[in-house]
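Step one of this worksheet: look at the structure below.
First the proteins, then the strands, lettered A, B, ... as listed; each starts at 1.
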Amino acid sequence: MNLVNELSRIQQESDIIARDSWGYKKASVFRVVGRHMINVWRLMKGEMSLTSYTFENIAYHLLRYRTPYYSNETLTTWNKRCVPVLKHRLYRYYADRAKMNLDMLDVADIIKRTSESARIFGIDFYSVLVRGSQFRVESIMFRIAKPENYVLITPSRKQVGEQRAIECLPLTLEPNSQYYNSPVVVLDFQSLYPSIMIAYNYCYSTCLGRVRAPGDDTAFGVCKLDIQKELFETLKDNIIVSPNGVMYVDHSIRKGLLGKMLEDILNTRVMVKRSAKDYVDDKGLLRMLDIRQLTLKLIANVTYGYTSASYSGRMPAVDIADSIVQTGRETMERTIKFINEHPTWGGKVVYGDTDSVFIHFPGKTRSEAFTLGNEISEQITKMNPAPIKLKFEKVYHPCVLLAKKRYVGSKYEFPTTLEPEFEAKGIETVRRDGTAATQKILKTSLKMLFKTQDMSQIKDYLYRQWTKILSNRVCLQDFIIAKGVRLGTYTEQSLPPGAQVAYKRMEQDPRAEPQYGHRVPYVVIYRDGPNAKLNEQVVHPEELLSDNSLRLNAEYYILKQIIPPLSRVFNLIGVDIKGWYDEMPRSQKAMALSFSHYFGNEARKINRIDQYYTSSHCIICRDITSQPICPSCLKQTSKSIFTLISRQKEAQKKWNNISLICNSCSQLPPVLSNSIESGDTEHPCNSLDCKVFYERNRTKNDVYALSIYDTLIDQWPVLDT
DNA sequence: CAGCATTCCTAT
DNA sequence: TGAGATAGGAATGCTG
């Protein structure tokens, strides 16, 4: 069946599915004539920030709906077996997913939002989804330009390419890296670049070229600009000169097109936001107004980008772009100088990036900081031409500035705020290229630091976590790393781990090929000795779960994933996290590590009970031990047997409960779920995004290990009672 | 081991 | 038949 033709609005002779590299990276892989193809996955990737963009995970986070995942292998089996009930299950699986795709578009409000954006930009529906921000800016700009009889130039690709490089950079201060116990006030210039374009009349339609001597080069942006001397004579009292030496006429001569457009956009946004307050009861309308104001904000923010689109721009102008950035930079510099030199405020600027300033007030209270922050905001706003406005954002108390674009603190937004909010920028708690374990441990440690400053409490916490990891008493889900993979862009030698895993899976199943940009999960295991490359120590989580000879590389996770981010923070206050780890009681570490004598390539197969042993904790009391049952439990034989039996019952009961959950999620009739001996097939779902899946695996191992207690009893020492 | 390139993801 | 920008940190592996 040629599905593409079937879906198409016209019948084509060719049965070739049109593929192209752009579609592969940006859209929906294949094209259907007369239809808008929406790649729901790619769309959702831009909509929400997740560590995994599998269908099941998007369904869970967007629709709040748990849905099963069946491997291609399982589905193929169902199809081949010619059992009606299995075929039915197969078709229903796909039908459910097809429907859920529509539900996703519905819940995320994609159609409504796209339509609304199309209306505001004045472009068609599909262009909102597939075309870039230049198209939007131009669409709006054209509508203002036309009535004023402006003609937009159309430089050739060559002209755009030959444009000189950008010279001006935004100001990013190197922060004074430390722990700040006194309040730090954060202020932001509101829409700085749009405000500058409006305030200083920077525009294509107002520029008079660079300040130059007669005979100097007249190059301007992608072309030349040579204003006659006589004209300057006429305009000489109405010229604004930007910090990078470009002249613009002031508002009294001509109001710049960009400024007008941005003023319109920002004013409309204010209006929309205000009118939203009148419709608090109408949820639907409110939502639409919100979409509208966000769209307006977006377009204001990318207008600067339009002027500086040096790579792909249709009408860029470096000189204008430089004017905007350099003015922003000088505005920042003036602000910082003014604050630092103010006689009474007593604040010091400790960090700032592009349009924000962080002011530390040593020894001041939080409420004083609020008052001063508002005063500074007022003063600085007054010093700058409208509509440039320095806005009070928040107070961090306390906070840690780590590096440029990396900081974290307890955030207070209002003087009345009682419970501060944990806010982190750029550090591992907000990055998605590490593990959930790192995020959780770092976040918890930081919260403890902010709340109590009690190092011994943090040390206890970290010891507990490290011990858990070393003894393998952790949920695998927290140790999965998933980074974006772009197959086809890598050189042969040394693939990134994600790509490595993807290629390996494709050998088994060509349809395991990840879509361009998909996040491929992997875990790091012990393999090939301590000097192995990371590349050679990674496997897909499923492989670790199904192969009992593999073991999570606890040392890698602790030493490479968890300790470095912690150290970066705690080194600033003189705490040596790595030292803590090194001095952790030997018995605990050595015990766990003795199992990590790498299994090597010819991985010896060990059965489940051995695997359970390697998890290195006593199956009775769950303390760390190198034996299946620790010496102290061995001594108390009768008590231990009793515990064992009750634990066995416990585990079986847990297994039954989990089975119920999985069956209802998979909508399998209960009769199909047999007891544990029937093998792995009784729960066909293995969704790596589902917490229950991991619990099920763990419980299965528990049930199995505990079920052979009688063989252990055979080896039991002579009864002590 | 330093220095550099590649890769990923985030801040603005 | 498509393409807003740069700065920046960190991990990893290669090269000299």
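- Within the 4.0 Å cut-off from OP1 or OP2 of C:dA3, not a single side-chain nitrogen or oxygen of A:Y306 is found.
- To the nearest angstrom, C1' of C:dA5 lies 11 Å from CD1 of A:I324.
- In this structure, of C:dT6, C:dA10, B:dC9, it is B:dC9 that holds the atom nearest to the side chain of A:K483.
- Ring centers of A:Y581 and A:W466: under 6.0 Å apart, within the cut-off.
- Considering only the side chain of A:P496, B:dT7 comes nearest among C:dG13, B:dT7, C:dG9.
- Put simply, A:K560 has no side-chain N or O that comes within less than 4.0 Å of OP1 or OP2 on C:dA10.
- For the pair A:K404 NZ and B:dA11 C1', the interatomic distance rounds to 13 Å; values are reported in whole Å.
- Within the 3.5 Å criterion, the main-chain N or O of A:L169 finds a donor-acceptor partner in the side chain of A:R329.
- With rounding to the nearest 0.5 Å, the separation of CG in A:L390 from CD1 in A:I376 is 8.5 Å.
- Of the candidate nucleotides C:dG4, C:dG8, C:dT12, C:dG8 has the atom lying nearest to any side-chain atom of A:K405.
- In this structure, CZ of A:R406 is placed 13 Å from C1' of C:dA7, rounded to the nearest angstrom.
- Using a 4.0 Å heavy-atom criterion, one finds that A:V325 contacts no nucleic acid atom at all.
- In terms of polar N and O atoms assigned as donor or acceptor, the side chain of A:R431 comes within less than 3.5 Å of the base of B:dC9 in a complementary pairing.
- Within the 4.0 angstrom heavy-atom criterion, no nucleotide atom of any strand lies near A:F135.
- The nearest whole Å value for the distance from the CD atom in A:E174 to the C1' atom in C:dG8 is 10 Å.
- Using a 4.0 Å heavy-atom distance criterion, A:S308 is classed as a sugar-phosphate-only contact.
- In this structure, the CD atom of A:E423 is 10 Å from the P atom of B:dA11, given to the nearest Å.
- Phosphate proximity of C:dT1 to A:Y126: absent, as no side-chain N or O sits under 4.0 Å from OP1 or OP2.
- When distances are taken from the side chain of A:R568 to each of C:dA7, C:dA10, C:dG4, the shortest belongs to C:dA10.
- Note on A:R519: every side-chain N or O is 4.0 Å or more away from OP1 and OP2 of B:dC8.
- For A:R314, no side-chain nitrogen or oxygen approaches OP1 or OP2 of C:dA3 to under 4.0 Å.
- Between the CD atom of A:Q561 and the P atom of B:dC8 there is a distance of 15 Å, given to the nearest Å.
- A:Y193 comes within 4.0 angstrom of nothing in the nucleic acid, heavy atoms only.
- One interatomic measurement links the two molecules: CE of A:M37 to C1' of C:dT1, which rounds to 16 Å at whole-angstrom precision.
- A:R329 has no side-chain polar atom (N or O) that falls below the 4.0 Å cut-off from OP1 or OP2 of C:dA7.
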List the atom pairs, donor and acceptor, that lie under 3.5 Å between side-chain atoms in residues 558-568 of chain A and the rest of the protein, sequence neighbours left out.
from	atom 1	to	atom 2	distance (Å)
A:Q561	NE2	A:Y556	OH	3.2
A:S567	OG	A:I563	O	3.1
A:R568	NH2	A:E428	OE2	2.7

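- The nearest whole Å value for the distance from the NZ atom in A:K425 to the C1' atom in B:dT10 is 10 Å.
- Side-chain N/O atoms of A:Y407 include one lying less than 4.0 angstrom from OP1 or OP2 on B:dT12.
- Taking the six-membered ring for Trp and thresholds of 30 and 60 degrees, A:Y351 and A:F358 have ring planes more than 60 degrees apart, a perpendicular arrangement.
- Residue contacts shown for A:N535 are limited to sugar-phosphate atoms, with no base heavy atom under 4.0 Å away.
- When each of C:dG13, C:dA11, C:dG9 is scored by its nearest atom to the side-chain atoms of A:P564, the top-ranked nucleotide is C:dA11.
- Panel note: side chain A:T381, backbone A:S377; a donor-acceptor pair is recorded below 3.5 Å.
- Heavy atoms of A:L169 sit under 4.0 angstrom from primed sugar atoms or phosphate atoms, though from no base atom.
- The listed nucleotides are B:dC9, C:dA3, C:dT12; the one nearest the side chain of A:L534 is C:dT12.
- Contacts of A:T206 classified as side chain to side chain donor-acceptor pair (under 3.5 Å), with partners at least two apart in sequence or in another chain: none.
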